[in-house]
Peer 1: 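Mind looking over this structure? Questions follow.
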Amino acid sequence: MTSSETDKIESPKKAFRLSPAAISYLQATPLTVILGAFLLLPIAMIAVVSFWDYDFAQMYPDFLTMNYAETLGSWVTWKTYLNTLKFAVIVWAITVFIGFWVAYFLAFHIRTTAMQMVLFLVCTVPFLTSNIIRMISWIPVLGRNGIINSGLIHSGIISEPVEWLLYSDFAVVLAMVHLYTLFMVTPIFNTLMRIDKSLVEAARDAGASSVQILTNVIIPLAKPGIAIGTIFVVTLVMADFSTVQVMSGGQSASVALMMKNQMSLLQYPAAAANAVVLLVLVLLMVAGILRIVDIRKEL
């Protein structure tokens with residue numbers, strides 16, 4: 001067989017060969033379709049509904065800015081957003097402190113990898129149950145006749161139960177810290193495990209104290225993990241309504257709880273407007289975090 005005949009036989013095969021760029025697009029197509037159908041499309045529908053009109057019975061397709069005017073022009077709404085941000089900041093600060101030291105202990109004070117994994121799995125055991133169960137488990141601990149009040153009364157420290165332990169902002173923050181600390185521990189622990197231990201030894205050989213090693217070596221290298229944990233915790237707190245409703249006893253409010261109440265009253269366009277505003281606020285917060293810390297090395 002001559003070379004020309006061989007080229008004629010192979011030429012149809014070459015016609016069906018895809019370029020590397022086309023192969024990359026084909027590989028990304030399933031994920032793009034899934035994200036478009038289950039993420040972008042619902043968000044677009046919420047944005048569209050936020051401009052509709054409504055009454056006590058149904059919604060009316062329209063293009064009105066009334067829902068946004070009522071949302072952004074109400075002092076009650078602004079106060080609710082500020083209260084939600086207050087929860088986010090307090091919970092973030094506490095989870096960063098607890099999460100960093102737990103991750104630091106696991107990464108630098110536990111020598112064997114097997115024991116590190118065992119202790120890390122122990123931290124995840126409570127998360128094998130429902131968030132609701134772990135949240136309401138605080139009620140018999142913090143209540144008027146709960147474990148803490150009973151112990152303090154029997155020891156003579158107080159003469160009557162402490163009221164602010166339950167159904168207060170303190171209870172909300174405590175429950176959220178319990179629920180979301182692991183979301184801070186995991187990325188920080190992953191980042192600390194990637195730190196080359198020779199850097200710590202080099203800093204120690206150069207005469208750096210333990211505090212200097214922590215502040216000048218470990219914490220700067222742990223910033224990507226802290227940023228990822230911050231994104232997890234902040235977004236979860238901003239979207240949490242059940243913890244605020246149960247642990248505050250209805251005495252506190254959050255944006256998510258406000259949207260839940262609006263939907264229970266069939267005020268879907270107003271709830272959609274609040275959802276869009278909350279989404280924009282969270283995205284701005286995430287963008288600010290990403291501008292401060294580059295997390296691409298962790299992805």
Peer 1: Report yes if the side chains of Trp138 and Leu166 come closer than 4.5 Å at any heavy-atom pair, otherwise no.
Peer 2: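 Trp138 does not reach Leu166 side chain to side chain.
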Peer 1: Could you tell me how the ring of Tyr104 sits relative to the ring of Phe100: parallel (under 30°), tilted (30 to 60°) or perpendicular (over 60°)?
Peer 2: parallel
Peer 1: Is Ile188 reachable from Val96 through a run of hydrophobic residues whose side-chain heavy atoms are each under 4.5 Å from the next?
Peer 2: yes
Peer 1: Look up atom CZ in Arg134 and atom OG1 in Thr243, then write down how far apart they are to the nearest 0.5 Å.
Peer 2: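 Here the interatomic distance stands at 9.5 Å.
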Peer 1: Has His109 got more than 12 heavy atoms of other residues, nucleotides or ligands less than 6.0 Å from its NE2?
Peer 2: yes
Peer 1: Of all the heavy-atom pairs spanning Thr71 and Ala270, show the shortest one and how long it is.
Peer 2: OG1-O, 4.4 Å
Peer 1: Say whether, by atom type as modelled, one donor and one acceptor occur between the side chain of Gln116 and the main chain of Leu106 under 3.5 angstrom.
Peer 2: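 Present.
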Peer 1: Would you find more than 12 non-hydrogen atoms of other residues, nucleotides or ligands less than 6.0 Å from Tyr60 atom OH?
Peer 2: yes
Peer 1: With sequence neighbours left out, write down each residue that passes side-chain contact (heavy atoms from CB on, under 4.5 Å) with Ser130, or none if nothing qualifies.
Peer 2: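 Partners of Ser130 under the side-chain contact (heavy atoms from CB on, under 4.5 Å) test: Ile132, Ile133.
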Peer 1: Look at the rings of Phe170 and Trp164 and say which category their plane angle falls in: under 30° parallel, 30 to 60° tilted, over 60° perpendicular.
Peer 2: perpendicular
Peer 1: Quick one: pull up CG in Asn216 and CG in Leu199 and give me the separation to the nearest 0.5 Å.
Peer 2: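 Reported value, rounded in 0.5 Å steps: 12.5 Å.
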Peer 1: Counting only N and O atoms by type, is there a donor-acceptor contact under 3.5 Å from the side chain of Thr65 to the main-chain atoms of Tyr68?
Peer 2: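 Checked: no pair found.
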Peer 1: Hey, could you give me the CZ/NZ distance between Arg204 and Lys197, rounded to the nearest 0.5 Å?
Peer 2: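 Rounded to the nearest 0.5 Å, the CZ-NZ separation comes out at 11.5 Å.
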Peer 1: Determine yes or no for a side-chain-to-main-chain donor-acceptor pair under 3.5 angstrom, with Asn261 supplying the side chain and Met263 the backbone.
Peer 2: no
Peer 1: Sequence neighbours left out, what pairs pass ring pair (Phe, Tyr, Trp, His ring centres under 6.0 Å) with at least one residue falling in residues 182-238?
Peer 2: Phe120-Phe189
Peer 1: Check whether any side-chain heavy atom of Phe108 sits under 4.5 Å from a side-chain heavy atom of Leu192, and report yes or no.
Peer 2: yes
Peer 1: Taking the side chain as everything from C-beta on, heavy atoms only, tell me whether Ile148 gets closer than 4.5 Å to Leu142.
Peer 2: yes
Peer 1: Side chains of Thr181 and Val185, heavy atoms from C-beta outward: is any pair under 4.5 Å?
Peer 2: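 Sidechains of Val185 and Thr181: in contact.
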Peer 1: To the nearest 0.5 Å, what is the distance between OG1 on Thr77 and CG on Leu72?
Peer 2: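 The CG atom of Leu72 is 8.0 Å from OG1 of Thr77, to the nearest 0.5 Å.
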Peer 1: Say whether Leu35 and Tyr25 are linked into one hydrophobic cluster, either directly or through other cluster members, by side-chain heavy-atom distances under 4.5 angstrom.
Peer 2: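 Each belongs to a different hydrophobic cluster.
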Peer 1: Below 4.5 Å, heavy atoms only, C-beta onward: do Ile158 and Asn149 meet side chain to side chain?
Peer 2: yes
Peer 1: A side-chain contact here means heavy atoms from C-beta on lying under 4.5 Å apart; do Met285 and Thr235 qualify?
Peer 2: no
Peer 1: Nearest heavy-atom pair of Leu257 and Ser252: which atoms, and what distance?
Peer 2: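 Answer, listing the atom of Leu257 first, then Ser252: CD2-O, 3.9 Å.
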Peer 1: Do any N or O atoms from the side chain of Thr84 and from the backbone of Val255 form a donor-acceptor pair under 3.5 angstrom?
Peer 2: yes
Peer 1: For Glu70 versus Ser74, what's the shortest heavy-atom pair and its separation?
Peer 2: O-CB, 3.2 Å
Peer 1: Drop me the distance from Ile228's CD1 to Leu290's CG, to the nearest 0.5 angstrom.
Peer 2: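 Nearest 0.5 Å value for the CD1-CG distance: 9.5 Å.
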Peer 1: Given side chains that start at C-beta, do those of Tyr167 and Met247 come closer than 4.5 Å, heavy atoms only?
Peer 2: no
Peer 1: Between Leu221 and Thr191, does a side-chain contact (heavy atoms from CB on, under 4.5 Å) hold up when you go through it step by step?
Peer 2: CA-CA 8 Å; Leu221 294 177; Thr191 303; 5.7 Å; no
Peer 1: Is the side chain of Asn67 donor-acceptor paired with the backbone N or O of Trp52 at a distance under 3.5 Å, no angle test?
Peer 2: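 Looks like yes, one N/O pair under 3.5 Å.
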Peer 1: Take a 6.0 Å sphere around CD of Glu160 and say whether it holds more than 12 heavy atoms from other residues, nucleotides or ligands.
Peer 2: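 It does not: Glu160 CD has 12 such atoms or fewer within range.
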Peer 1: Would you say Ile98 and Met184 make side-chain contact, with heavy atoms under 4.5 Å?
Peer 2: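 In short, these two side chains do not touch, never coming nearer than 4.5 Å.
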Peer 1: Measure across Ser242 and Asp240 and return the closest heavy-atom pair with its distance rounded to 0.1 Å.
Peer 2: N-OD1, 3.2 Å
Peer 1: Are Val118 and Leu121 co-members of a hydrophobic cluster defined by side-chain heavy atoms under 4.5 Å apart?
Peer 2: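 No, no single cluster joins them.
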Peer 1: Check the orientation of Trp78 and Tyr81. Use parallel for under 30°, tilted for 30 to 60°, and perpendicular for over 60°.
Peer 2: tilted
Peer 1: May I ask you to check whether over 12 heavy atoms, not counting those of Lys86, lie within 6.0 Å of atom NZ?
Peer 2: yes
Peer 1: How long is the span from the CE atom in Met238 to the CG atom in Leu279, to the nearest 0.5 Å?
Peer 2: 10.5 Å
Peer 1: Quick one: closest heavy-atom pair of Ala253 and Asn83, and the distance?
Peer 2: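 The answer is O-ND2, 2.6 Å.
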Peer 1: Please determine whether residues Leu283 and Val280 belong to a single hydrophobic cluster, defined as Ile, Leu, Val, Met, Phe, Trp and Tyr linked transitively by side-chain heavy-atom distances below 4.5 Å.
Peer 2: no
Peer 1: Are Val172 and Trp92 connected in a single hydrophobic cluster, I mean Ile/Leu/Val/Met/Phe/Trp/Tyr linked by side-chain heavy atoms less than 4.5 Å apart?
Peer 2: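 In one cluster with Trp92: Val172, yes.
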Peer 1: Are more than 12 heavy atoms from other residues, nucleotides or ligands located less than 6.0 Å from atom CE of Met117?
Peer 2: yes
Peer 1: Could you report the tightest heavy-atom contact between Val141 and Ser137, atom names first, then the distance?
Peer 2: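 Scanning both residues completely, I find the closest heavy atoms to be CG2-O, 3.6 Å.
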Peer 1: Has Asp196 got more than 12 heavy atoms of other residues, nucleotides or ligands less than 6.0 Å from its CG?
Peer 2: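 Result for CG/Asp196: enclosed.
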Peer 1: Show, in sequence, the C-alpha distance, side-chain angles and deciding distance for Leu278 and Val282, and conclude whether the side-chain contact (heavy atoms from CB on, under 4.5 Å) test is met.
Peer 2: CA-CA 6 Å; Leu278 180 62; Val282 172; 4.2 Å; yes
